[in-house]
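Reading through the structure tokens given below for one structure.
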Amino acid sequence: MPAKQPPSLWPLLSSVSEYSGPNRETLTFPKESHEGFARVNMSFPALASVSLCVRIQWDPERNEVSTIFSYAAPVFTNEFQLRGQMDMQGRVLLALIIHGKHLPYKASFPNDGLWHHICVTWSRSSGHWAIYVDGVKKDMGSDTDRSKDIHGDGILILGQDQDSFGGNFTEPFFGNITDLQVWNMSLETRHVSALNACATLTQKVLFSWNLDQIVSHPVVKEVQTHLFCPGKNTVGFIP
């Protein structure tokens, strides 16, 4: 686990809500290095449905394509990935890659240096995918390959694209990441809205944020973040 260090980017406290949430261990990916990454140290099964949620703080000076997470399988490197890039209007646009298909840059959040909660979902049975930003569905579709699951035994990397299985990193992310969670189900809007407000969903969870299960490059530092949870629903459990 990386050693605790003071924040090196911008203030880690967001002021988007008056409702105080829990503390979180956070990973800082510094813009001074293109080498930063964090690997989730667990084995994933084949997934007929999947949802991944994460809180990110984008470096406001970063305007190139950046990889928030990439999941590569032994048989295919671009299996499941979330990318972002800044547009001319000062927004960060998000796009999913599923089974190698690059979906449109459409969902967005303002490039304001604040924390944003991002969730992505996919289901093989319907081919349906969705991107949520701060609890709101911002983009969706059903134009994906329904012939196979997300392959198992893959490697999940935060902060880098994998041009080969577990390596040849490109398109780094600069900023802060916390609260990564993965489920083997396609979350509904009510789930995502509650998660954005710092609720907990343990049903079918594959991974919950735990730095003991993450191996990071030495340039990636660990800091403490105090989350602010929008809405009146503070920490609780989703039925």
Fill in: Side-chain donor-acceptor pair present, T26, T225, cut-off under 3.5 Å
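The criterion, which ignores hydrogens and geometry beyond distance, is satisfied for T225 and T26.
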Discussion item. Regarding Y132 and T189, do their side chains bring together a donor and an acceptor under 3.5 Å, going by distance alone?
Written reply: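 Y132 vs T189: donor-acceptor pair found between side chains.
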Discussion item. If hydrophobic clusters are built from ILVMFWY residues whose side chains come within less than 4.5 Å, do V133 and I68 share one?
Written reply: yes
Just by distance, do the side chain of [X] and the backbone of [Y] share a donor-acceptor pair under 3.5 Å?
| X | Y | value |
| --- | --- | --- |
| Q160 | H34 | yes |
| R124 | R146 | yes |
| H116 | Q57 | no |
| W209 | E25 | yes |
| S70 | Q81 | no |
| S66 | P172 | yes |
| K138 | G135 | no |
| E35 | V219 | no |

Fill in: Criterion side-chain contact (heavy atoms from CB on, under 4.5 Å) against W183, the qualifying member of T202, L52, V205
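The residue from T202, L52, V205 that satisfies side-chain contact (heavy atoms from CB on, under 4.5 Å) with W183 turns out to be V205.
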For residues 39-51, run the donor-acceptor check on the side chains, cut-off 3.5 Å, and write out each pair with its distance to 0.1 Å, sequence neighbours left out.
{"residue": "S51", "atom": "OG", "partner": "M185", "partner atom": "O", "Å": "2.6"}
{"residue": "S51", "atom": "OG", "partner": "L187", "partner atom": "N", "Å": "2.9"}

Worksheet entry | With H99 via ring pair (Phe, Tyr, Trp, His ring centres under 6.0 Å) - residues at least two apart | W122
Item to complete: Name the orientation class of the two ring planes belonging to Y105 and H102 (parallel below 30°, tilted from 30 to 60°, perpendicular beyond 60°).
Response: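 Answer is tilted, since the angle falls between 30° and 60°.
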Fill in: Aromatic plane relationship, F173 with W58 - under 30° parallel, 30 to 60° tilted, over 60° perpendicular
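Perpendicular, since the angle between the ring planes exceeds 60°.
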Which residues share a salt bridge (charged side-chain N to carboxylate O under 4.0 Å, His left out) with [X], sequence neighbours left out:
| X | answer |
| --- | --- |
| D134 | none |
| D143 | K101 |
| D163 | none |

Worksheet entry | Close side-chain approach of F69 and I56, heavy atoms under 4.5 Å | no
Worksheet item: According to the disulfide bond (SG atoms under 2.5 Å apart) rule, which pairs have a member within residues 23-110, sequence neighbours left out?
Response: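 As it turns out, the disulfide bond (SG atoms under 2.5 Å apart) pairs with a partner in residues 23-110, which skip direct neighbours, are C53-C119.
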Worksheet item: Can you list the steps and then say if V120 with L94 is a side chain to side chain contact (heavy atoms under 4.5 Å, CB included)?
Response: CA-CA 10 Å; V120 297; L94 300 172; over 6 Å; no
